[in-house]
Each structure stands twice: as C-alpha cells, then as structure tokens.
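Because the structure is a prediction, the values reported are computed rather than measured. Letters A, B, ... are given to chains in the order of the sequence lines, protein chains preceding strands, and every chain is numbered from 1.
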There are 2 protein chains.
Amino acid sequence: MAAAVERFNGYYIRLPSVRKLSFTTLSVLHTLAERGPVRLGELTATEQVTQPAITQMITKLEAEGLVERLPDPSDGRAVLVRLTAAGRTVVADRRNDRVARLSPLLDRLTTAERAALAAALPVLERLAALAQSDEG
Amino acid sequence: MAAAVERFNGYYIRLPSVRKLSFTTLSVLHTLAERGPVRLGELTATEQVTQPAITQMITKLEAEGLVERLPDPSDGRAVLVRLTAAGRTVVADRRNDRVARLSPLLDRLTTAERAALAAALPVLERLAALAQSDEG
DNA sequence: TAACTTATCTAAGTTACTTATGTAGTCTTC
DNA sequence: GAAGACTACATAAGTAACTTAGATAAGTTA
C-alpha cells in the first residue's frame, strides 16, 4: 500500500489524528520497535489478546503500511512481522509527543523531586523483572 | 436486581470472574468510590469516553446492582450515580487483589529500594496535579 | 412565554475483540 | 518414509464496548 505509506510520510506530524490506534495496536508497534522482527505467535504471547486478534491487527497494519510480513526461513508455517519505515515513524512520533508533554511539567519540579523520580525508575524495572520471572 | 446483588455478595471473592469489567468500567467504579455520588455528566468529563457511553455503562452496572441512580435535588435534569454496597465490595476486592500480588514482590526488594519507590510517590502526585491544573 | 441551552437518553452503526474451525507446514514413530 | 499428531497462522461468525446523530425534558433568558 504505497499510497498509505506516502500519506503517512507526508503528514506524519499529524499521524495520531489520521487513524486512531488502539491501546493494543500501539503496544504491538512498541514491541516491534524494541525487539525487531518477531513471529506472530510471539506477539500473541506478549500482548494480552488471542492469536486471531493479532492476525487481524497485523493485516490492518500491513494494509496501512506500518508493518510487513516476512516468511520465516527457519519454519515454513511461521510469519515474521517487522516495522516499516512508516511504522518506526509512528513510534518515534509518539515518543516525541510524550517528551514534549512531559518536559515542561518536569521542568517545574525541584531538582530533588526529579532525582526522586530518577531513583525510582531502576527499582520499577527490577520489580517488573521479578514479576515476569515468577510467571515463567 | 436483588438477585444480582445477592449473587455478588455470596461469591464476591470470585467476582472478577463473574463478569469481566472493562478498563473504563473499573475506572468509573474507582472514581465513584473516591468521590462519592457524582453526576453522570461529571463522569463523562473525567473518563475518556462520550456521554452516551457512560449512560449505557451505568445502565448495565445498575442492572448488576453495583451502582444506583438518584435524582439530583438541585437539578431535575441531572442524575446522581452512587456505588451500592456490592459496588464498594468490587472495588475493595480488587484493591485487596492488587495488594496480594504486589506485596510478595515488594518483600523481595531491599529497604533502600522500597524507600526509593516511596519517595517517588508524592512527586508523581504533584506531577499529576500540575498536569491537571494546566488543562483547566 | 418563546427561544435557547443543558443533562440525559435512545437508536443505529462501527470496531476491536472473542470462540470455533480450517489449512498448510513440521515432527514423530513404527 | 508415510501416517498421524502437532504447530503456526488464517478465516468466519458472533459479541460488547464504544461511536455519532438525534430525541426529550428540565432549566435559563430575553
């Protein structure tokens, strides 16, 4: 869908208003941005939805030019999903948006307050890791 | 719907599996638990959905006995929404569940790590207050 | 009191999910 | 090495939480 890609590229600054992406969809795009090409079944495991839901979502995102399906060379049944350039733009754009909203608020905190937030981040990551290790 | 109430009361420990409550629904119940009786329109403002969505959700929750509609004495058009005892049980039950899941994880952190999390909480509250004051 | 506004409700359509099932590639076992 | 079982994904059909558009009834204003 080259037309969709061009449209996204041309107006990427307004992307959030071009198509509203659901929470789950955004989570998938984020996962793909972090982990690179991933099998469809792996997305089923990480997101909290069923496998057909992922199939349908990826079909839509592919039609919009945000992701692409690739054959998995190691398994003829499997499908690898990868972000396109347009897809990476969406993710980066959203991150920039978050930063733009948060920065002016953080600027109004004291140095000590910002330090308290920064000190909590690694603890939260460790907590998340503990929770995840308990599942497996 | 007395039957629904009794069912909720009788089996409240398993409530989360009786009916899956959507994210928005849970947010509304939480808002009602925090702020007490609230006008339907006020819920429209705090949650991120349209007014008809709130009307429909409250109708469902009322049928299940979790909330009740009251006339607003100060405005004949308005409707006040209030948690029932069963609704409060749902909220309390979920909170207990969160505590039960988090506590064993927090126990595995060091004292310093727990202190870092505790120190960040008031900062996050202040940050949220700053964000909210910018909207109005 | 007529015109306007506000608070909620109703109706109809959309969309992101679900469960159930189909299909093709891979593994196992004798 | 072929048959059966399993796995990865796709398709189909139904559900539930939303949406927009429009109706109703209470309150406000000129």
Provide, to the nearest angstrom, the distance between the [atom1] atom belonging to [X] and the [atom2] atom belonging to [N].
X: B/Leu70; N: C/dT8; atom1: CG; atom2: P; answer: 13 Å
X: B/Met57; N: D/dA16; atom1: CE; atom2: C1'; answer: 12 Å
X: A/Gln48; N: C/dA16; atom1: CD; atom2: P; answer: 19 Å
X: B/Arg39; N: D/dG27; atom1: CZ; atom2: C1'; answer: 11 Å
X: B/Lys60; N: D/dT15; atom1: NZ; atom2: P; answer: 12 Å
X: B/Leu40; N: D/dT24; atom1: CG; atom2: C1'; answer: 15 Å
X: B/Leu43; N: C/dT8; atom1: CG; atom2: C1'; answer: 13 Å

Phosphate-side-chain proximity, [X] and [N], N/O vs OP1/OP2 below 4.0 Å:
X: A/Arg69; N: D/dA10; value: yes
X: A/Thr50; N: C/dT18; value: yes
X: A/Lys20; N: C/dT15; value: no
X: B/Thr55; N: C/dC9; value: yes

Quick check: any donor-acceptor pair below 3.5 Å linking the side-chain of [X] to the base of [N]?
X: A/Gln51; N: D/dA8; result: no
X: A/Gln56; N: C/dT18; result: yes
X: A/Arg77; N: D/dT7; result: yes

Taking pairing as Watson-Crick or G-U wobble with both contacts under 3.5 Å, can you name the mate of C/dC9, or confirm there isn't one? D/dG22
Taking A/Val91 as the starting point, is it possible to reach A/Leu61 by hopping between hydrophobic residues whose side chains are less than 4.5 Å apart? yes
Counting any heavy atom closer than 4.0 Å, what does [X] reach on the DNA or RNA strands: base, sugar-phosphate only, or nothing?
X: B/Thr24; value: sugar-phosphate
X: A/Ala53; value: base
X: A/Asp75; value: sugar-phosphate

In the structure I gave you, are the side-chain heavy atoms of B/Val28 and B/Val81 within less than 4.5 Å of one another anywhere?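 Answer no - side chains too far apart.
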Over 12 non-hydrogen atoms of neighbours within 6.0 angstrom of CZ in A/Arg114: yes
